[in-house]
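This report concerns only the one structure given below.
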Amino acid sequence: MLRFSRSCSRLLVSKRLTSQLRCVSQTAFLRKPSGNIDRLSGVPGREDIGFLKSSSVSMSPNFGPFDHSQAVAGATESRDIMNLWSLLEACLHSGYMERAYSILKSLYALKSHRTYFIDDYNKFLMKYAETLHDIKDLDKKLFHDIQETFPACEYNDKTLAILIHHALKLSSSTEAKLEHCKTYFKMAVSGQRSILSNVDILTVPNYKTLACDLKLVSINELPAAVRPLIESGNIVTGEVLPSKQPSETNAKALTPGEVALDRNIEPLDKDAKELLAVDTIGMKVVRHTLLGLSFSEDQKKQIASFNFDTSSNLLNFDQGKENINFFEMFCNLKSEEERRSFESALDEFNQDRQHQLENRATDAAKERWRHDFEEAKSRGDLSIQKKLNIKLWEWFNLMLPLVKEEVRRCAAVANNTTQEASLSPQEKKQNKARQEYGPYLTLVDPEKMCVITILEILKLNSTGGIIEGMRTARAVISVGKAIEMEFRAELLLKSESHVFKDVNKKSHEFKLMVQRARATFRSIKIEESKVLWPQEARAKIGSILISMLIHIAKVKVEGVDPVTNEVIKGEAPAFSHGYQYHNGSKLGVLKIHRSLIHQLNGERLVAAVQPQLLPMLVKPRAWNSWNSGGYYYTQSTLIRSKDSPEQVAYLKAVSDAGAIDNVYRGLNVLGETPWTVNRRMFNVMSQVWNSGKPFLDIPGIQDKLTLTPQPPRDADPSIHREWKLKNKELANEFSGNRSARCDANYKLEIARAFLGEKFYFPHNLDFRGRAYPLSPHFNHLGNDMSRGLMIFWHGKRLGTSGLRWLKVHLSNLFGFDKAPLEDRVSFAESHIDDIRDSAEHPLDGKGWWKEADKPWQALATCMELNEALKMSNPGDFVSHQPVHQDGTCNGLQHYAALGGDIEGATQVNLVPSDRPQDVYSHVAKLVIARLEKAAANGDETAALLKDKIKRKVVKQTVMTNVYGVTYIGATHQIDKQLSTLFNDHKRSYELSKYLTKHVFASVRELFEGAHLIQDWLGECAKRISKSIRLDVDEKTLKNGNKPDFMSSVIWTTPLGLPIVQPYRESGKRQVATNLQTVFISDPFAINPINARRQKAGFPPNFIHSLDASHMLLSASECGERGLDFAAVHDSYWTHACDVDTMNVVLREQFIKLHEVDLIERLKDEFDERYKNYLQILKIDKKSEVATKVTDLKKKLSQKLGRPFTLADEIYMEKKRIQLLNSEDASEQAEGANMVTTVSLVAEAGDISNLEKSSDASCLVVLAPLTLPQIPPKGDFDVRELEKSKYFFS
Amino acid sequence: MAIRVQSLRDLAKIQHYYGFRYLLNPSVHEKIFDKLDLPQTYQDTTKLKVLDLYPGPGQQSAIFNNRFKPSQHVLMDARPDFVKHLRELSSTPNDSFQLYCKDPYEWQSYTELIDIEKRLLPSKKNLDSIHNEFLVLANLTGMIGEGLFMQWLACIGNRNWLHRFGRVKMLIWVLESTAMKILATPGGQLRSKCSVVADTFTDTKLIATMENKNLHKFGRSVLDAHKPVIFSENDTWMPTGKAISLLEVNPSSHNIDLDNFDYVTKHLLILRSTPLCEAFESLGHGGRDYFTTVIKDKKFLQKCPKELTSSEFLMITNAFVNWPFKPDIYMDFIDVFQDND
DNA sequence: CGGGTCGTTAACGATATAAGTCGTAGATAGCCA
DNA sequence: GGTATATCTATAGACAATATCGTTAACGACCTT
């Protein structure tokens, strides 16, 4: 028997993924390491922060290249596998064992998948076993399958774990158990320990039986996570043992005092008991701990009466109700020690709440509807304008039977219990479709599916540019996805309770152990759930559910009869499926009836926010692998690259090699910063919000969109056209306002729910490595408003320096940020009265804060300052306000550092100086100079504009210029500034266009070095994206000399994160659903790259990957030094008193980052990665090389008896390289003697002077890919910035 | 004095044809004019004013002018190479033959020609018959041609632009593919909104078309009914690979609200092969219920949109207009593509 | 028993839709010495 | 005559999606040798 070993299931999964991405390619020979990368190690002794290790891994990956050959041979197969997996999973959980078995057979048939097949079989076996009553049957089944049906498949330790689990479950006598288990343990592939490591299969009682009762294994052999549970011996009985020192890791979590409290809990519990009798033991301890702290009588009462039952006390989405204010309690505690015990008690409570939160969201929404409905019923309220929730409850009740019926039919089809013969052709077709989507539809409770459908649809209102509705395609996918997420969460929960069943959580310490064991279990389980439902399946079940909703959801409507002019009342479907045209292409839309829209505008929909999109109540799961971190019950990936399997593959390889631990470290620091809501700010905003009037960036309530009156029918077509444009503009503005208000609503409601709470933001990365919080509606990256709503949970004493920084911060928020720090301090000091007025009378005072650039944050800072200044010693004030340090044009800072460009470095404050440099003013000056010169030459436009140029006009363009803004984009930005000066729309646009040219030219002039690098990066990207790999697939070359280009730009960030630009052609296909066909992209398809986007995106993406690295480095260092740290890309936040420390850190890290010549390293990486790639060049036909190539082609063509194609050229070259790289000396010689078109061109050396563009006189040749020379580096030494006060300020 | 008619060979020397294709063979032109029998409409050609849009090399313009001697013949074109050529052509002492160098694509050009500069002042006629003093010639065989034709059709429906003067006959060269769409019959493969609109607001005939293998796609009925003049591709310049056809467009007298009609046909024809009773639902919330109540004919409800005649569409439009809960047809657009997850 | 024929169907690909694109690359012309 | 510059034209592509229809491949029933 061939045996293979796998020590734990994590590895299993990783292997499986590899198989999925693996490609049977012969590329290895092309990838002899050249040692180039070794050279990169640079200065000896310098520590590697990730790049070196990572780049060597990603340079010789264990998966194939991503192009057609993969797409055809590998990807279609891996797509099949993924589809089969998801179907297998669905069938297993729906209990369709026969179908599941036949899917297994299909999986078995896929040869490339063979080695990993046992994992699939195990899943089947696990479910199958549940239907049996005798362990012998299971035994029989397994050996029959392995010997007969799947002869090439070997069992593994997981299989044995399954057998053991069931043996324990099904055997009646201890002897039988013992015997079976003994046998199975003997069959172990890699030892007992390996079998025992399957904590997702063996339950805690299993472990106990094995270790304590049967004594088959010793406690030491158990997985670490379970060991304490068994050791404490407290499983089934639930009896509280005398507290032994809890083992290992959890020792710290409990102070002896708390344990003591645990035991004499009775007396104190008395008063609470009258109020609530439902505390679990664990919660009693929490309550007890809290009551033991030095709270005011009032707060003690609150705690005593607070319902610690998490299931009824999740988050407070109710406007009228006030949740308990943990934050205030926390702040009022005097001693550090008390605060610590408070926090640990709160954390424990929040563990449970987070668990509930992530799992009970849909139930909560449904209960709310029911509650409102019953309340209205009891009041006898049957008015026509029913409350929204009541309507939703009615729909829910109408929809449920339909869904149940459909589920029933699907089950019937799956179980073959339909009478096919008696069905109409249409029904037969329906049943056929049911066979496809049925398994997916029967997984989630119909009630939940109804709720999810309704919520998703309402949430999508007004998205996708549709005024009163949404795109169908988006709707069906969203619903499908939401169902899938629900399924995953349920699945996890179910299997968790399976493993932990019978575990009595009566003791407090024991509970902590269970919590810990659970966490381990979850990590394994989440990583394992790599299977995703195919888009097709999502769309299908989404459409089924939506069409049912359309069918039953009705609203009362009023209309005027055009004939009689009478008002008519009636009923109409609330949703309607139709189409709209855009530019001649159809778009499926799902419209929402106006009367419902109206109601939606008025009501809050917050319960609809998926919990996976909220901040977390507990510290996020720490990142430790590419797909493990963040929320507890939902899988998130380290990098948001949903449609780039390529990047995932690189990431996985690098992650498994442990090369990006620095990234994880930084990200975890960001996630561990606790926050809370700034209550005073929240109150001000609520007040503004409730007024319904527009205020700052919050638009007012708007009723409905009114279009301008239509021009007379016979008006000139141009007038009609203008009318249409005007309407579009109006609609645009309307929906913009609506979504802005909606967004503000979300933010405020989420903030309300988190008032007084301690929360965290789990982060992950975009494809360039920039960090973003996972909760999209409410986070510190949001607009001014959301930033103003948040403060650090922890407070720190200001001290002198902190007070000063707080003042600077205020000044910065006012836009007064280009002056020396002392001036900024005095700016704040000179406005002391304004600050007090703003803080104490934000809405009824002078409103000085509203003049700030960032008014909300300014107000928050005013309040903080005011409080501090009220104290006799402001330095003693405990501040929670984050203070920001921003880079001056961070992109340019990186460019200047890369180019060593002294002039540029000076401009962006890399060079120490007494006062900060203001790039924008400088550019403005340059532009004015240019315009004046032009005006002197008689250019009227220039003369007109030259007085209009202000710093503000050019600011955005200068800033975005580095990030590769296009000419058009910049023109729009400038037009936004200019259009306020000129009334004429067209005229101002003309002027903007003119001005943009000059601004671009000025920036280029000022940052010569930066632009040389930018150009170089752009050129590299262009050549790479137009290059051809030697072992391309035939299909790539099908259209003559215009092959599909498949190579994206790939690089490694200094932290070792591999970045793959995901810009590829879309590759979408039509998928039939119940409502319509939808056009969706296939995530497995590997399409030709989009060369233009690759080129345009690379320079800014590269810079972004650097600033991300800088941020993560600074984050982990700040974390190391005990700072609370947050960042918005190039704006770093911490407590006022810690700003000095942070400033040192971020300078150190910037220097650390740029000490190496990153550009040179990038070129070496490219040279290595794209070695042997070819590029297509056009050279002069008459040149010597060209004639040689033509002759060779002619000769070969005659030999072949057909034209010599590009594919032939490539094939030949491939052969040559293969020979050259051969181990065999004779083959090497043969390769050296071989003459190919490419070798001819390569011999000619530098042929750049021969390049021609005109078609007539040139010859298309293949040449080895060469990258341009790096522009010379200037003399600026990055170490200088250590002393630059204004580098970040 | 007669306008110069040149050989195809000479005219082909003009460097740019801007993607347009023109029939240049004089004898075919004569054949076409024979068939058109314009004098029947324009009995008094001394009162005839002609607006010639995109005349290009001006071959058709010259032949027309020589043959009918209209009182005024304005050639509107702004393309440099053609302008150069036309300027020569119109330099012959013939007052009626005037070049107007503006782009016929711009609505502005017409406003300037007629309302501002008052260079061309067509008379206003009632809707009883085809305008007998004003004729529009055009060549829309270029890239933007099809779109422009569709807009002109809408102008006929709205009675604006040149059609505010009455039922102005138009002779328009279009790509063969466009002609096929316009002339598609109920139930036919190519039946679409534009042919319904053309049926409703005009009486359009296929006058001439270029010989090619796709001819049969017009449908036997069209070919039989219109008996177009067939010419060879060698009679034309320049070869674009696309055949061209000449349409005679006679606006009909009607009193229909284009916007509603447009909405109804557009939406129904998306589901061109779906029975009406189902397709109605896509017209708005509760469409199926409403229309199946208003329209009693069960057989009619089983028909599908592509089979409907223009008068059937009209009937549905009327029902739509009377629908108390009808959707706002002016909200039927998408705004800028903005996507955020 | 094999193979061939015919009919049916799924699967794929092509095409039309609406109706004021548009950005860009490449060619040409206008310029100077 | 040659080259840097400005303007012009041609051209493709993104029809940022979907219904429908024609063609082809595949499959299976049936029949004949």
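Labels below follow one simple rule: chain letters A, B, ... track the order of the sequence lines, proteins then strands, and each chain is numbered from 1. All values derive from a computational prediction rather than experimental measurement.
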With sequence neighbours left out, the residues meeting salt bridge (Lys or Arg N to Asp or Glu O under 4.0 Å) with B:D262 are B:K193, B:K266
Would you please enumerate the stems DNA chain C participates in, each stem being three or more consecutive Watson-Crick or G-U wobble pairs with both distances under 3.5 Å?
-> C:3-17 with D:17-31, C:24-29 with D:5-10
Identify, with sequence neighbours excluded, every residue that meets side chain to side chain contact (heavy atoms under 4.5 Å, CB included) alongside A:S718.
-> A:D716, B:W107
Looking at residues at least two apart in the chain, or sitting in another chain, which of them share a ring pair (Phe, Tyr, Trp, His ring centres under 6.0 Å) with B:F333?
-> none
Applying side chain to side chain contact (heavy atoms under 4.5 Å, CB included) to A:D1015 and not counting sequence neighbours gives A:R1004
Classify every nucleotide of nucleotides 7-22 of chain C by which part a protein heavy atom approaches to under 4.0 Å, writing B for the base, S for the sugar-phosphate alone and - for neither, in 5'-to-3' order.
-> ---------BBBBB--
Output all residues satisfying side chain to side chain contact (heavy atoms under 4.5 Å, CB included) with A:K1068, sequence neighbours left out; order by chain, then residue number.
-> A:S1066, A:F1079, A:S1081
Ion pair A:K726/A:E722, N-O distance below 4.0 Å = no
State which residues pass side chain to side chain contact (heavy atoms under 4.5 Å, CB included) with B:C277; sequence neighbours excluded, sorted by chain then number.
-> B:P275, B:T292, B:L301, B:Q302
Separation of the P atoms in C:dA18 and D:dA14, to the nearest angstrom = 22 Å
Could you pull out all residues at least two apart from B:K213 that satisfy salt bridge (Lys or Arg N to Asp or Glu O under 4.0 Å)?
-> none
Compare the minimum distances between each of D:dA10, D:dT18, D:dT20 and the side chain of B:T274, then state the nucleotide with the smallest one.
-> D:dT20
